[in-house]
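Input: a single structure, listed below in structure tokens.
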2 protein chains.
Amino acid sequence: MTRFYPLEDRQLLAVDCVIFGFDNQDLKLLLIRRNMEPASGMWSIMGGFPRHDESLDNAAVRVLKQLTGLVDVYLEQLYAYGNVERDPGERVVSVAYYALIRIEDYDKHLVREHDAHWSRISDIPELVFDHRVMVDKALRRLRRKARIQPIGFELLPDTFTLPQLQALYEAIYQKELDKRNFRKKILSMGLLDKLEEKDKTSSKKGAWLYRFNPEKYQEALANGFYFSVDV
Amino acid sequence: MTRFYPLEDRQLLAVDCVIFGFDNQDLKLLLIRRNMEPASGMWSIMGGFPRHDESLDNAAVRVLKQLTGLVDVYLEQLYAYGNVERDPGERVVSVAYYALIRIEDYDKHLVREHDAHWSRISDIPELVFDHRVMVDKALRRLRRKARIQPIGFELLPDTFTLPQLQALYEAIYQKELDKRNFRKKILSMGLLDKLEEKDKTSSKKGAWLYRFNPEKYQEALANGFYFSVDV
DNA sequence: CGCCTAAAGTGTATGTTTAACACTTAAACA
DNA sequence: TGTTTAAGTGTTAAACATACACTTTAGGCG
């Protein structure tokens, strides 16, 4: 192969992945105990090194799968962190991603192996390097996007109730919402299919189950519709 | 120095910079003729390689300065492009930035040296590699942000008229706006200082000059204000 | 078996924001 | 002094966001 670019200019590149989950109460973050120097033993988000023959996106998918066993989940690039001193061991440029997963789906085995745990976002321990900056950026991104794109559903099971959906938005925005206005707005978008089944785990009366319908969303988009939730 | 990470995993890293300007008519893009293999001679956005001892942001600032002579302009990271095949010469991860500059301020000498020219965004030639993808993403970002943050002013001279400002928004969104509604909205935010001077370059009557006041914006922000222009 | 409890579900009125729309004013120049 | 050209100005109707309280359901328990 012809080499066009200077050899000496190669840099160390990493990907790091902020992983969000929702346990029907709180928005949570999956953190691991770092098992690599420097800063071994500290809390950290999951990371890895992209191989020469894989894209950044692929590396992020691989990292996420390593920790959770999950593929085909919502995963989006966040930002590239390139301060010289961000990793005290050595200059490493890190491309951060964030993922939204259904919290009951992850592989408990793998998580235990990595000494990982779920942390409430209101209660995040000290993190290694600039990982806290990444997490804060991921949260801001999630908060911006969840208003205007139907990504919240990625954090819920396939079927869910309206009170569950509302609790999710309340957890994301740390803000109580009006039940009537919330339901009105969500249902008026016409993106949910109502099932003929109730979930009774959180009340005697039970709440109707719904399912997000991506086809309806795509069709609405094509007709100039904009998703929007007021928070 | 102790080395913590594997040596063989280093990658080639670049920064590329989408540069926007506004000539009171059209939103424009500063493109160069690439003078490096592969694809020498093709249109391209300006790029460079971050040094080991400089941050990504710094590298982007340096690249922008190299082409325009400008420092202290609006510059924001866009996205990290990491497909394996994006550069046919060799695997290069590129972190793209975009800049908003005042089009009369750039260094004509430097631009000539780089064989660069301004292209209307409605009339962009074929670009090298994935640069068109970067440009499109920069445009979407600009369009999203210019609605909700006062970054449009970065493309205008220090003092400007309301018709000029409106023409800028019309160029960004490729959409005609209602003069009365636009002026009402802009002025109601109370972020502009009206000067006692008119600009007569585009009409006999002349249009009053205004200046964006960043202090007023900061104060408003602190009081819960949100910038917003309807387009 | 009926009463209590706890969460689910429902509608209206008011205020705010957006969108649509046409004429007057100013000043240069013929 | 009339003509031309862009700058500047308000009002109305519709859509949307916000605030707010009672009824329904069904399980559990006395």
Side-chain angles (χ1 to χ4, degrees), chain A residues 23-25 143 146-148 156-157 159-171 173 175-211 220 223-231, chain B residues 23-25 146-148 156-157 159-171 173-211 220 223-231:
Chain A
D23 65 0
N24 281 332
Q25 292 245 127
R143 284 179 175 147
R147 286 168 184 260
I148 55 172
L156 292 176
T159 67
F160 51 85
T161 67
L162 289 179
Q164 248 181 305
L165 184 62
Q166 182 174 343
L168 169 65
Y169 276 91
E170 290 178 334
Y173 295 100
K175 182 168 182 256
E176 294 204 354
L177 301 176
D178 181 276
K179 192 168 36 161
R180 282 170 290 189
N181 293 338
F182 181 80
R183 297 169 70 97
K184 203 189 316 172
K185 184 69 184 237
I186 293 289
L187 291 176
S188 74
M189 292 195 270
L191 305 176
L192 301 187
D193 294 335
K194 186 177 182 172
L195 308 187
E196 297 187 349
E197 192 187 344
K198 282 187 165 187
D199 174 313
K200 298 210 169 180
T201 53
S202 72
S203 83
K204 299 158 188 170
K205 183 179 178 181
W208 291 104
L209 284 164
Y210 291 82
R211 181 184 283 122
N223 293 324
F225 165 83
Y226 289 99
F227 184 91
S228 142
V229 179
D230 315 315
V231 287
Chain B
D23 66 359
N24 281 333
Q25 292 246 125
R147 286 167 184 260
I148 56 172
L156 291 175
T159 66
F160 52 85
T161 66
L162 289 180
Q164 247 181 306
L165 184 62
Q166 181 174 344
L168 169 64
Y169 275 91
E170 290 179 335
Y173 295 100
Q174 306 265 78
K175 180 168 184 257
E176 293 203 357
L177 301 176
D178 181 276
K179 192 165 41 159
R180 283 169 290 189
N181 293 338
F182 181 80
R183 298 170 70 97
K184 204 189 315 172
K185 183 71 180 235
I186 293 288
L187 291 176
S188 74
M189 293 195 268
L191 304 176
L192 301 187
D193 294 334
K194 185 177 184 174
L195 307 187
E196 296 188 349
E197 193 186 344
K198 282 187 165 188
D199 174 312
K200 298 213 169 179
T201 54
S202 72
S203 83
K204 297 158 188 166
K205 182 180 177 179
W208 290 105
L209 284 164
Y210 290 82
R211 180 184 283 124
N223 294 323
F225 165 84
Y226 289 99
F227 184 91
S228 145
V229 180
D230 314 315
V231 287

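Every chain is numbered from 1, with letters handed out A, B, ... down the list of sequences. This one's a predicted model, so the numbers in the text were calculated from it and none came from an experiment.
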Residue closer to the 5' end of DNA chain C, A:K194 versus A:K204 (nearest nucleotide): A:K204

Nucleotide [N], atom [atom2] - distance to [atom1] of [X] in whole Å:
X      : N      : atom1 : atom2 : answer
B:E176 : C:dA20 : CD    : C1'   : 15 Å
B:L187 : D:dG8  : CG    : P     : 10 Å
B:D178 : D:dT9  : CG    : P     : 14 Å
B:Y226 : C:dT16 : OH    : C1'   : 17 Å
B:K185 : C:dA20 : NZ    : P     : 14 Å
B:N181 : D:dT11 : CG    : P     : 14 Å

Residue whose nearest DNA chain D nucleotide is more 5′ - B:Y210 or A:G206: B:Y210

Counterpart base for C:dT24, defined by Watson-Crick or G-U wobble contacts under 3.5 Å: D:dA7

Check for a donor-acceptor pair, side chain of [X] on one end and backbone N or O of [Y] on the other, with a separation under 3.5 Å.
X      : Y      : answer
B:D23  : B:Q25  : yes
A:E170 : A:L177 : yes
A:Y173 : A:R143 : yes

N or O in side chain of [X] less than 4.0 angstrom from [N] OP1/OP2:
X      : N      : result
B:K200 : C:dA28 : yes
B:K205 : D:dT5  : no
B:R180 : D:dG8  : no

Touch class at under 4.0 angstrom, heavy-atom based, for A:S202 against every strand present: sugar-phosphate

Touch class at under 4.0 angstrom, heavy-atom based, for B:D230 against every strand present: sugar-phosphate

No-H, no-angle donor-acceptor pair, B:K184 side chain to D:dT9 base, under 3.5 Å: no

Polar side-chain contact A:K179-C:dG9 base: donor and acceptor under 3.5 Å: yes

B:Q174 atom CD, neighbour heavy-atom count above 12 within 6.0 Å: yes

Contact check, side chains of A:K194 and A:L187, non-hydrogen atoms, under 4.5 Å: no

